[in-house]
Structures are given as C-alpha cells and as structure tokens.
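Numbers restart at 1 for each chain; the letters A, B, ... are given by sequence-line order, proteins then strands. All heavy atoms count here, side chains included; hydrogens, waters and symmetry mates do not.
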Amino acid sequence: MSRILLRMPNTRFYSKCLQSKEEISTSAPNPEVRVFARRKRQKKALEVSNEESKNEPIEQKPCGLPDIEEFAYKKANGPALSSKISGKLEATPDALVVGTEVASEIGARGEPPANWEKVLEGIRKMRATEDAPVDSMGCEKAGSSLPPKERRFAVLISSLLSSQTKDNVNHGAIQRLLQNGLLTAETIDKTDEATIKDLIYPVGFYTRKASNMKKIAKICLLKYDGDIPSSLEELLLLPGIGPKMAHLVMNVGWNNVQGICVDTHVHRICNRLGWVSQPGRKQKTSTPEETREALQLWLPKEEWVPINPLLVGFGQTICTPLRPRCGMCSVSEFCPSAFKESSGPSSKLKKPSQK
DNA sequence: GTCCTGGCGG
DNA sequence: CCGCCAGGAC
C-alpha cells in the first residue's frame with residue numbers, strides 16, 4: 001500500500017527524455033511542409049533543469065477573471081456580440097494581436113461560406129431560448145476567488161476532468177478537490193493517487209485522470225514553479241492534454257487565443273454546415289484538428305472563442321450527433337445536410353453486429 | 001447493445 | 001485505422 005515512490009514509476013520517463021517537441025508549430029511558412037508532423041506522441045518530456053526563465057506569467061487580466069472553463073464563455077456569447085460581427089465581417093484572422101505563431105501565414109486566404117453570419121446569428125437566437133446543459137451552471141466560485149496562479153491551475157484541472165463528463169459532475173469533482181485544498185500542484189503532488197481518484201470519482205475515466213493529475217502536478221512543480229505552461233506547445237506535452245483542452249486552457253487560463261477550441265460538436269456541426277469544405281481543399285474534414293485549421297482560415301478571430309460554447313450548446317440540444325432535430329432548427333435552410341441524416345436510424349453499418 | 005466523448009497507444 | 005477508458009444516452 002505504501003509504495004508511493006518519489007519518482008515516476010515509468011522508467012521511460014527518464015531514458016526517453018529530451019528531444020520532446022519537434023515541429024509542433026503550425027507556422028511553417030513553407031506550404032509544402034504543411035502541418036503533417038505528427039505532433040502528438042511523445043509527451044513524456046520532463047526536463048527539469050532546463051530553462052525556467054521563459055515561463056514568466058503574462059497575466060493579462062488580473063484576478064478579475066470570474067469563471068473557469070466553459071463558464072467563462074457565457075458572457076462572451078451574449079447578444080452584445082451580434083453587432084460586433086456584423087460590423088467586422090472582413091476582419092482577417094491575422095489582424096489581431098495574438099501569440100507568436102498562429103494563422104498569420106494561412107490566414108489570408110479562405111473565403112467565408114455564404115450566409116455564415118446569418119447561421120451564427122440564428123444559432124445564437126436558438127441558444128437564447130433553448131437551455132443547453134452547457135450554460136445552466138453557476139460555478140463562479142470554483143476558480144474566480146483564487147489568485148491568478150491557482151486559478152490557472154484550477155482551469156487546467158477542470159479542463160482535464162471535464163471531458164467525457166457532465167458539467168455538473170465535473171463541477172462536483174472540482175468542488176471536492178477545492179474543499180480538500182487539492183487544486184494546486186503542490187498539494188496534488190503530495191496526495192495519494194487513490195485519494196484523488198476517490199474525490200473525482202464520478203467523472204469519466206477517473207483512473208486515468210487521477211494518474212494524469214499526479215503527473216501534471218509534478219511537471220508543473222518541476223518545470224513551471226507550480227504554475228501551468230503558458231504556451232500551446234508546452235500544454236500539449238502534458239499527459240491527458242490534447243488540442244481541444246490546450247486551446248481551451250489557453251483561451252480561459254491565459255486569455256490568449258491561439259486557436260479555436262474544436263470538440264466533436266464544433267467538428268460535426270461545421271461539417272454539416274459545409275463550413276470546412278472549401279473548394280480547393282478536401283471535401284470534408286475528418287478530424288477536429290483539420291476542422292480547426294479549416295475554420296481558422298476564414299472565421300474572424302472575434303468568434304474563435306465564443307464559437308465553441310455556441311456550437312456545443314447547439315449540438316447538445318438541436319444539432320445532435322444522432323437524429324439532429326432539423327425541424328426545430330431555424331437555420332436549416334442554410335444547411336446542406338438538413339434532413340439528410342435525420343431519417344436513417346443507423347446510418348452506420350460498419351459492424352456486422354453479429355455475435 | 002451500440003454509439004459517443006478526448007486523449008492515447010498499438 | 002482500431003480499441004481502451006467510464007459512464008450516459010438512446
């Protein structure tokens with residue numbers, strides 16, 4: 001029982017260190033290089049003694065940031081935005097000041113799909129009347145009252161737990177961690193993994209997540225002085241943090257929009273709308289990452305953050321994965337997929353389903 | 001019973 | 001590509 005080693009149980013951690021990131025950046029000016037570099041894999045870099053100076057917090061907004069995670073979005077997608085987009089429809093993505101390496105190269109091209117503003121506006125209106133699970137939560141306390149560093153760490157942990165987990169369940173888990181003082185790298189690092197597992201229990205994949213929490217806490221302690229990484233690339237090196245979470249943490253934790261947070265809702269809906277099937281490109285995108293890149297080609301940057309909660313809520317209530325309710329959708333007239341996949345009960349006949 | 005979810009490994 | 005994780009939705 002008491003074999004809580006001080007070091008990571010995985011020896012590969014040490015043997016395979018270094019040489020971690022290679023070609024993660026999407027900024028390759030060379031069109032031929034593209035982003036092919038399989039940037040995933042090989043997250044196991046735990047170099048400690050290396051640099052520590054470049055991790056200066058670049059807090060842009062002091063403690064005022066109220067919410068964590070998707071709750072922070074709530075304010076962004078209010079009606080106040082409608083005027084913003086209608087006025088700014090020609091804004092190219094690279095017009096805004098963002099991080100170092102974003103869509104500056106790819107941004108210039110890419111024509112917006114027809115009527116995209118009408119569609120967004122229509123979805124916003126539907127979201128105002130329908131109540132989606134994503135926006136019926138008040139958990140202002142979880143992250144807001146904390147100092148910036150702890151708030152960021154809470155954002156990271158909350159993101160980690162949130163996938164495959166209902167918002168209220170995730171909220172409960174975060175609250176339990178908070179009550180036990182387990183929302184900092186130091187305390188998590190000192191806590192038994194089994195304890196964490198129990199506290200976060202109801203969330204999906206809790207075993208994996210408890211393990212990832214321990215690893216993340218240790219990495220943050222050793223490499224970032226207990227703070228969280230402040231760049232996309234470094235966030236992606238954390239176990240359990242993929243593109244979706246990394247962008248979310250950049251948006252909410254650092255207030256630094258490096259890209260669109262594309263989950264399966266955004267992925268699915270953008271494909272149904274034909275928003276990511278430009279003439280020159282492939283017909284459709286097959287992965288969320290491809291969707292993110294295609295979407296970033298034309299979507300004005302003001303929409304990069306609010307589009308996620310907007311489409312997530314829409315995807316939970318109307319444009320559902322199975323049997324989308326096109327009859328209730330006010331923008332179905334603009335949707336090339338409307339009423340096409342709603343009838344087929346099981347359009348997927350991949351599996352023989354015989355046993 | 002099958003799909004869905006994000007990240008990950010094979 | 002497939003499957004695993006844990007659990008909910010259908």
Requested in this report: Compare side-chain N and O positions of A:Ser163 against OP1 and OP2 of B:dT5 and report whether any pair is under 4.0 Å apart.
Outcome: no

Query raised in the report: What is the distance from CZ of A:Phe205 to C1' of B:dG7, rounded to the nearest Å?
Result: 9 Å

Requested in this report: For A:Asn271 and A:Thr285, test the side chains for any donor-to-acceptor distance below 3.5 angstrom and give the result as yes or no.
Outcome: yes

**Report entry** Minimum side-chain heavy-atom gap A:Leu299-A:Ile307 below 4.5 Å
**Finding:** yes

Query raised in the report: For C:dA9, does OP1 or OP2 lie under 4.0 Å from any side-chain N or O of A:Arg323?
Result: no

Requested in this report: Considering only NZ, NE, NH1 and NH2 on the basic side and carboxylate oxygens on the acidic side, decide whether A:Asp227 and A:Lys149 come within less than 4.0 Å.
Outcome: no

Requested in this report: Could you state the atom-to-atom distance from CD of A:Gln164 to C1' of B:dG6 in whole Å?
Outcome: 5 Å

Report task. For C:dA6, take OP1 and OP2 only and decide whether either is under 4.0 Å from a side-chain N or O of A:Thr207. Result -> yes

**Report entry** Rounded interatomic separation in angstrom, taking CD from A:Glu290 and P from C:dC1
**Finding:** 10 Å

**Report entry** Interatomic distance where NZ belongs to A:Lys209 and C1' belongs to C:dA6 [whole Å]
**Finding:** 9 Å

Report task. Using distance alone, with no hydrogens and no angle criterion, decide if A:Gln258 and A:Asn256 have a side-chain donor and acceptor under 3.5 Å apart. Result -> yes

Requested in this report: State which of C:dG7, B:dG6, B:dT5 makes the closest approach to the side chain of A:Tyr206.
Outcome: C:dG7

Query raised in the report: Any side-chain N or O of A:Tyr201 under 4.0 Å from OP1/OP2 of C:dA6?
Result: no

Requested in this report: Say whether A:Ser159 and A:Ser162, considering side chains only, have a donor N or O and an acceptor N or O under 3.5 Å apart.
Outcome: no

Query raised in the report: CD of A:Gln316 versus P of B:dC3: gap in Å, rounded?
Result: 22 Å

Query raised in the report: Starting at CG of A:Leu161 and ending at C1' of B:dG7, how long is that distance when rounded to a whole Å?
Result: 14 Å

Requested in this report: Take the protein atom NZ of A:Lys197 and the nucleotide atom C1' of C:dC5, then report the distance between them rounded to whole Å.
Outcome: 12 Å

Query raised in the report: Counting any heavy atom closer than 4.0 Å, what does A:Asn212 reach on the DNA or RNA strands: base, sugar-phosphate only, or nothing?
Result: nothing

Report summary line: From CD of A:Glu289 across to P of B:dT5 the rounded distance in Å is 16 Å

